[in-house]
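First up is the structure itself, then whatever we jot down about it.
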Amino acid sequence: MENFVISALVENKFGVLARVAGLFSARGFNIKSLAVGETEDPEVSRMTIVAEADEKILEQIKKQLNKLINVIKVQDLTGADCVDKELILIKVKSGTAKAREKIVQVVDSMGAEIVDIGKKSVTIEETGDEHKINALIELVRPYGILEIARTGKIALQSE
Amino acid sequence: MAKITGSEIFIKSLCEEKVKHIFGYPGGVLLPLFDKLYDEKSITFHLTRHEQGAAHAADGYARATGEVGVCIATSGPGATNLVTGIATAHMDSIPIVAVTGQVKSTLIGNDAFQEADMVGITRPITKHNYLVKDVRDLAQTVKEAFHIASTGRPGPVLIDLPVDVQLAEADFKYPKTIDMKSYKPTYEGHAGQIKKIVKAIEKSEKPLIYAGGGVILSDASGELTAFAKKANIPITTTMMGLGAFPQNNKLDLGMLGMHGTAYANLAVQEADLIIAIGARFDDRVTGRLDTFAPNAKIVHVDIDPSSVSKNVNVDIPVIGDAKVVLKELNKHIKKRDYSKWHNTIKKWKKELPLTYKNDNKLRPQYVVEEINNLTKDENVIIATEVGQNQMWAAQYYTYTKPRTWISSGGLGTMGYGFPAAIGAQIGKPDAIVFDIAGDGSIQMNIQELAMAVIEKIPVKIAILNNGCLGMVRQWQELFYNRRYAFTTLAEDRTNYHPDFVKLAESYGAKGIRVTEKEDVKEAIKASLKEKGPVIIDFIVEREENVFPMVPAGESIDRMMHGLA
């Protein structure tokens with residue numbers, strides 16, 4: 001099974017998220033990430049869904065998504081030529097001055113940013129594709145990750 | 001323009017949709033609506049005795065007439081009682097609009113008295129559903145609900161209507177047209193794909209049409225019949241497709257699948273081309289998937305893209321309405337000679353006919369055959385419950401017209417047949433309507449006898465009473481070493497639990513008991529003369545089985561046959 005990325009334009013109404021999520025939960029599939037936000041048209045939202053399923057089930061889910069009355073358009077961006085980004089916040093232990101110095105070096109080298117500094121931790125913000133985000137996580141993991149928050153992937157197909 | 005209340009808007013909207021009948025049950029939060037309905041002369045309200053009966057009656061009405069059926073129930077338990085009926089309609093793509101009362105919008109989510117989240121509960125069993133929060137959206141919502149229910153692949157739509165919205169006031173203007181940017185079903189089949197079908201037929205030596213309920217839903221029986229005859233191709237139908245093609249025609253192979261005819265199943269396995277129209281390759285049809293139709297190229301005509309290549313990989317898919325696509329196909333099709341193929345099928349029909357032991361005992365198949373013999377020239381609708389009764393009704397009655405077979409296919413809902421028969425009779429008052437029932441199923445909605453008696457609805461309930469849950473007992477006999485775990489309803493065949501004749505009489509209906517084969521005809525004839533509902537309690541052989549039978553998960557040519 002592989003990860004697939006679906007981008008769906010949906011009506012910006014109550015209950016639509018539950019309908020979409022229901023297609024996955026009813027088949028026993030976990031959504032890995034889901035990001036929803038308004039588009040250029042305030043009556044339309046875009047949902048970007050990342051989930052794991054085999055191809056036959058993915059095909060069925062796409063068709064079922066299209067069948068939902070509130071769904072306007074479905075795009076399968078898996079492996080497609082597209083721009084995708086995610087935002088992550090990572091709170092990392094920074095007990096010693098030395099550790100803090102090393103973390104700053106990593107953050108600088110990755111083009112990330114420190115957005116909050118506490119007594120015993122720093123919070124790093126990073127935007128990028130999955131690859132870049134995962135690399136950052138691995139680089140700071142040795143210092144001790146306290147908490148992570150991720151927005152989930154958003155994507156637009158390239159022209 | 002003078003403002004009117006939500007209740008009035010709702011009823012006026014139903015009138016705009018030409019609703020003539022509503023099946024339902026009142027309750028607290030629906031008081032405003034029912035008060036207005038009381039004055040509406042163009043709508044007849046049918047008071048069922050259970051909300052489930054209302055949902056099935058609306059469904060039976062829709063199947064018999066092709067119109068949208070409407071049912072209504074109050075919030076909470078009334079609404080949840082509709083759920084089985086909505087799910088039944090959903091699985092068989094039946095257009096109904098179910099209306100549920102809801103608690104005051106400000107109380108929603110507060111665990112108010114008789115509150116249930118109906119939009120949440122029915123989300124996976126409706127084509128679409130609505131919670132109306134603003135009275136100004138109500139007319140548009142009703143318009144959309146009827147449009148969605150009846151177009152594309154039809155299905156149930158639920159409208160949840162809070163009591164304060166029924167009381168709030170707004171201007172009423174019913175939308176004339178509808179344009180939903182996210183809902184536009186495809187009716188026209190792709191011309192190139194249709195050409196491919198024609199080519200595939202030209203290359204085929206052993207073609208077979210496999211038609212389903214979609215043909216009936218799109219009123220395409222005429223086009224299907226013309227197609228089969230013009231192309232000279234044998235045809236099998238699913239259970240949902242019974243009546244889509246006249247079974248007295250020699251091209252007909254009857255039903256396929258788990259309890260289909262041997263010759264239909266053998267034809268599927270032997271065919272080099274299967275033309276599926278308005279069917280969905282259900283597991284009861286295909287049996288073991290990887291051995292299904294091993295030699296065939298598969299054509300699939302369906303209005304729902306999600307049905308295509310869901311279970312069986314399709315070689316030539318055509319997304320479109322069965323009627324429209326068949327019309328187009330009929331323009332290009334030529335008659336071809338398949339005499340070798342026809343002869344093979346003829347031989348199977350002769351060697352492996354549908355049969356049962358025709359002795360002096362009262363056997364259920366005989367009852368269905370006699371109903372057929374005595375009514376075949378009439379305008380008849382056969383509704384069924386679920387289980388053995390349903391399969392015998394499918395096998396031993398000859399269906400020649402669409403919308404004459406009314407049965408819960410996908411969900412297999414026990415208790416469906418009787419209220420659905422009532423709905424069908426109300427929609428088709430001139431028809432003779434039978435509910436072929438089992439002694440198990442009939443007890444699940446027997447309470448609707450009260451409405452049938454009071455409204456003089458002359459449904460004939462033929463109970464094939466074997467004192468047990470016959471289909472489950474059959475599986476226990478065949479696969480569970482005859483251990484009849486909790487499937488016996490009446491051990492003693494002479495003391496009745498219940499006594500259906502007395503039960504009928506207690507409701508004010510006619511009850512007839514038949515224990516001998518020789519009395520079957522007279523009882524059926526007597527029931528045809530009644531002006532109100534009749535129960536005929538046929539005390540039939542207990543250990544009678546439905547054959548042929550493909551064991552679950554087996555290849556459909558591996559049929560078990562009974563002893564005749």
Side-chain angles (χ1 to χ4, degrees), chain A residues 1-2 4 6-31 34 36-49 51 53-76 78, chain B residues 87 90 93 105 108-109 117-134 137 140-141 144-145 147-149 151-160 178-186 280-281 289 300 302-314 317 319:
Chain A
M1 287 203 289
E2 62 164 332
F4 64 80
I6 297 239
S7 171
L9 290 175
V10 303
E11 289 181 305
N12 189 3
K13 283 183 180 168
F14 68 85
V16 179
L17 175 60
R19 289 180 206 279
V20 170
L23 294 181
F24 291 84
S25 62
R27 287 172 178 73
F29 289 101
N30 184 31
I31 294 175
L34 178 131
V36 194
E38 264 182 27
T39 62
E40 69 283 2
D41 176 353
E43 287 184 4
V44 176
S45 296
R46 182 184 296 277
M47 288 186 183
T48 310
I49 306 158
D54 65 37
E55 208 162 311
K56 199 164 168 95
I57 286 150
L58 168 63
E59 223 23 69
Q60 189 53 216
I61 286 177
K62 280 194 283 185
K63 286 175 176 173
Q64 295 288 342
L65 273 171
N66 267 312
K67 213 167 141 180
L68 290 178
I69 306 289
N70 302 121
V71 173
I72 299 160
K73 193 179 171 194
V74 179
Q75 274 180 304
D76 183 358
T78 317
Chain B
H90 185 63
S93 311
S105 9
I108 291 176
D117 169 15
M118 286 318 292
V119 166
I121 288 171
T122 62
R123 196 178 294 123
I125 54 161
T126 49
K127 186 169 170 188
H128 195 54
N129 60 19
Y130 294 91
L131 167 64
V132 184
K133 290 178 81 181
D134 187 330
D137 298 335
Q140 178 69 27
T141 302
E144 286 183 13
H147 175 67
I148 290 169
T151 54
R153 178 179 180 174
V157 178
L158 179 129
I159 302 174
D160 202 23
I178 195 158
D179 180 41
M180 300 174 69
K181 64 178 160 190
S182 59
Y183 176 68
K184 291 194 181 5
T186 308
R280 59 184 178 89
F281 297 87
L289 269 177
H300 192 185
D302 206 286
I303 200 158
D304 177 6
S306 74
S307 280
V308 175
S309 294
K310 182 173 68 179
N311 300 329
V312 169
N313 286 329
V314 173
I319 306 301

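A, B, ... follow the sequence lines: proteins, then strands. Residue 1 opens every chain. Everything numeric in this text was worked out from a predicted model, so none of it was measured.
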Stepwise side-chain contact (heavy atoms from CB on, under 4.5 Å) test for A:Val44 and B:Lys181
CA-CA 11 Å; A:Val44 176; B:Lys181 64 178 160 190; 4.0 Å; yes

Crowded around A:Glu43 CD? As in, over 12 foreign heavy atoms under 6.0 Å?
no

What part of B:Lys133 lies closer than 4.5 angstrom to a heavy atom of chain A: side chain, backbone, both or neither?
side chain

Heavy-atom contact with chain B under 4.5 Å, split by part of A:Lys56
side chain

Chain B heavy atoms under 4.5 Å from A:Val74: which part of the residue, side chain, backbone, both or neither?
neither

Hey, is the main chain of A:Gln64 close enough, under 3.5 Å, to the side chain of B:Ser306 for a donor-acceptor pair?
no

Does the structure place the NZ or CZ of A:Lys67 under 6.0 Å from the centre of the six-membered ring of B:Tyr183, at an angle of no more than 45° from the ring's axis?
no

Minimum heavy-atom separation for A:Val71 and B:Ser182, please, with both atom names.
O-CB, 3.3 Å

Heavy-atom proximity to chain B below 4.5 Å, by part of A:Glu11
side chain

Measure distances from A:Ala18 to the heavy atoms of chain B and classify the residue's part below 4.5 Å as side chain, backbone, both or neither.
both

List the atom of B:Val308, the atom of A:Lys63, and the distance in Å for their closest heavy-atom pair.
O-NZ, 2.6 Å

Does the pair A:Asn70 and B:His128 meet the rule for a side-chain contact (heavy atoms from CB on, under 4.5 Å), with working shown?
CA-CA 9 Å; A:Asn70 302 121; B:His128 195 54; 3.2 Å; yes

Side chain, backbone, both or neither: which part of B:Ile148 has a heavy atom under 4.5 Å from chain A?
side chain

Distance in Å, B:Lys127 NZ paired with A:Leu68 CG, rounded so as to fall on 0.5 Å steps:
12.0 Å

Can you tell me which portion of B:Asp304 sits under 4.5 Å from chain A's heavy atoms? Options are side chain, backbone, both or neither.
side chain

Quick check on B:Asn313 against chain A: is it the side chain, the backbone, both or neither that has a heavy atom closer than 4.5 Å?
side chain

